[in-house]
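One structure is given here, and the rest of the page talks about it.
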Amino acid sequence: MWRLSLSAGYRGFGCRIVGPKGLWGSRVVHTCSAPAIPAGRITALQAVDLWKNHFTERGVMEPDHSSLYIMAYLLGAKTIESLEQEKLSEFLSPEKTEQMWKLCSRRLSRMPVQYVIEEWDFRDLTLKMRPPVFIPRPETEELVELMLNDLEMKPGTGIGADSQHTCLEVGCGSGAISLSLLKSLPQVRFVIVTNRFLATIFFCRLGLQDRLQIHCLDVMKDAETVLSLCRHVSTLVSNPPYLFSEDMTTLEPEIFLFEDHAALDGGKDGLKVIKQILTLAPQILSNHGRVYLEVDPRHPPLIQRWVEVNVEEMRYVETRHDITGRSVLKSLSVFMSSTMASFNQFVII
Amino acid sequence: MLRLSPFISCVYSLSSRVIWGVPHGAPLLLRPRPPGLMCVLAAGKKDLIDLPVLNEDELEEQFVRGSGPGGQATNKTSNCVVLKHIPSGTVVKCHQTRSVDINRKRAREIMRGKLDVFYKGELSEVLVNKKESELRKQEKRRKANGNLERKRLFRETLAANSKPGNDTV
């Protein structure tokens with residue numbers, strides 16, 4: 001498994017990115033020396049400008065956004081827009097200047113902003129971010145919205161309902177999906193299957209012990225164990241790795257160097273983990289249970305055909321596109337329904 | 001296999017900023033809010049009930065993240081939402097938060113306010129509230145000035161009374 005050299009980038013102002021086969025090629029800046037901290041004091045806006053220019057020179061993506069988000073974070077805000085103009089024109093303290101330099105140097109090594117400031121927002125939650133745990137994407141916010149609509153309408157899951165519903169999530173990342181649903185639906189319990197022990201830190205100290213179970217298992221290798229632990233689940237959700245292996249090599253450095261490849265690579269056709277989930281689903285789900293998946297735009301027809309042939313108890317219901325769906329769909333969510341006794345419809349989003 | 005055990009120590013905070021779990025495209029301020037959840041109104045300080053309801057078919061939404069792949073294949077932080085109301089040509093841009101979902105919802109709130117002004121002109125609730133708020137501020141300022149004036153006079157009186165040559169001690 002690919003490992004990121006953790007000594008690179010974070011601690012000093014200079015850094016080298018080293019992979020398993022030595023230094024990466026031209027796509028990556030090999031040494032990233034930061035500009036010197038100015039002798040005199042500077043304002044927040046001046047620091048933002050300085051770093052924006054430096055990021056631009058070094059080919060770092062989103063030079064302005066990166067600079068602005070880091071500065072906002074240092075000044076205690078989420079976005080620069082929420083700060084008053086006076087504050088931005090004030091001189092930064094030496095400590096804040098040093099922190100800005102430290103954090104921006106990390107960004108210089110192409111570390112995603114979310115890892116630099118160690119947090120990011122997903123809907124109305126602020127989540128911890130730690131490499132290499134997968135950073136939630138905005139498309140997944142729509143998946144959660146869709147699930148909330150469906151689950152709120154379903155008897156027994158809404159607020160004030162009597163019975164509890166169990167959701168299973170395969171691959172939790174930083175907890176974006178599960179924490180959103182746990183927060184909005186008090187009657188829902190979650191079982192999480194993740195192959196990364198690090199993920200458990202995202203769920204600590206939230207007072208969710210009675211509503212949450214986390215099992216460190218690999219859905220590909222530990223299928224039997226997963227089945228023995230997960231039964232009578234009403235909803236299965238996953239944002240599984242769905243990229244095609246050949247597309248992994250063209251990923252931007254922010255993703256390729258810092259995020260977990262196992263959370264991205266879905267095999268030759270991107271369907272490796274998806275197929276496994278759908279194979280196990282009928283035994284995991286209770287009657288009329290549903291599967292919600294986020295998938296690649298190319299997947300829905302492939303999944304539909306594959307399920308028709310290979311998973312008798314499941315049926316396609318619907319496909320829905322996310323907000324960026326124009327003629328070229330950027331990403332889709334898929335969800336399917338299953339029943340033990342008779343055919344049900346299933347839905348692809 | 002590992003069960004989450006409560007003694008794993010770490011610090012985490014759950015922000016409880018926003019609110020809704022409303023269906024995609026539904027008129028936001030008219031949805032009943034579930035009891036017990038904290039409600040924060042993002043746009044404006046008053047709860048405006050009479051704002052026009054948005055028809056999603058009349059809206060064109062653009063999510064500015066540049067070209068190229070989406071989903072897992074990209075990790076862009078720019079999440080500006082551009083919302084256009086086709087019949088009136090009104091455009092709203094929102095990048096107030098780090099969540100696209102919330103920016104979309106806020107863009108719609110802002111759009112409702114703008115459309116209210118567009119269609120109702122001076123009678124728009126938005127403008128009426130603004131005027132009222134201005135009047136309240138003016139009143140407050142007037143009173144504050146009045147207080148300052150009274151205090152000034154009082155001090156002068158005190159100073160005059162304590163001058164030498166007066167009989168009082």
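We name chains A, B, ... by the order of the sequence lines, and we start the count at 1 in each one.
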Region of A:N239 that comes under 4.5 Å of a non-hydrogen atom in chain B:
both
Once you round to the nearest 0.5 Å, how far does OG1 of A:T140 lie from CD of B:Q72?
7.5 Å
Bottom line for A:A263: the part with an atom under 4.5 Å from chain B's heavy atoms is backbone
Separation between CG (B:D101) and CG (A:D121), nearest 0.5 Å, reads 11.5 Å
Of the listed A:L68, A:L243, A:L264, the one with the largest count of heavy-atom pairs under 4.5 Å with chain B is A:L243
CD of A:E224: more than 12 outside heavy atoms within 6.0 angstrom?
no
Quick one: closest heavy-atom pair of A:E141 and B:V100, and the distance?
OE1-N, 3.2 Å
B:N75 and side chain to side chain donor-acceptor pair (under 3.5 Å): which partner among A:E252, A:Q114, A:E254?
A:Q114
How long is the span from the NE2 atom in A:H65 to the SG atom in B:C80, to the nearest 0.5 Å?
7.5 Å
Using the side-chain contact (heavy atoms from CB on, under 4.5 Å) rule, take A:E145 and B:R104 through it: C-alpha gap first, then chi angles, then the decisive distance, then the call.
CA-CA 12 Å; A:E145 180 84 359; B:R104 294 178 67 203; over 6 Å; no
Using modelled atom types only, decide if a donor and an acceptor are shared between the side chain of A:T79 and the backbone of B:Q96 within a distance under 3.5 Å.
yes
Are more than 12 heavy atoms, taken from residues, nucleotides or ligands other than B:K93, located less than 6.0 Å from that residue's NZ atom?
no
Shortest non-hydrogen contact between B:N79 and A:Y69, atoms and distance
OD1-OH, 3.6 Å
Apply side chain to side chain donor-acceptor pair (under 3.5 Å) to B:S78 and A:E62, showing your working.
CA-CA 8 Å; B:S78 60; A:E62 301 190 303; 3.1 Å; yes
Minimum heavy-atom separation for B:T74 to A:R137, with atom names?
O-NE, 2.7 Å
Rounded to the nearest 0.5 Å, the CZ atom of B:R98 sits from the NZ atom of A:K78 at a distance of 5.0 Å
Who passes ring-ring contact (aromatic ring centres under 6.0 Å, His included) against B:Y119, sequence neighbours left out?
none
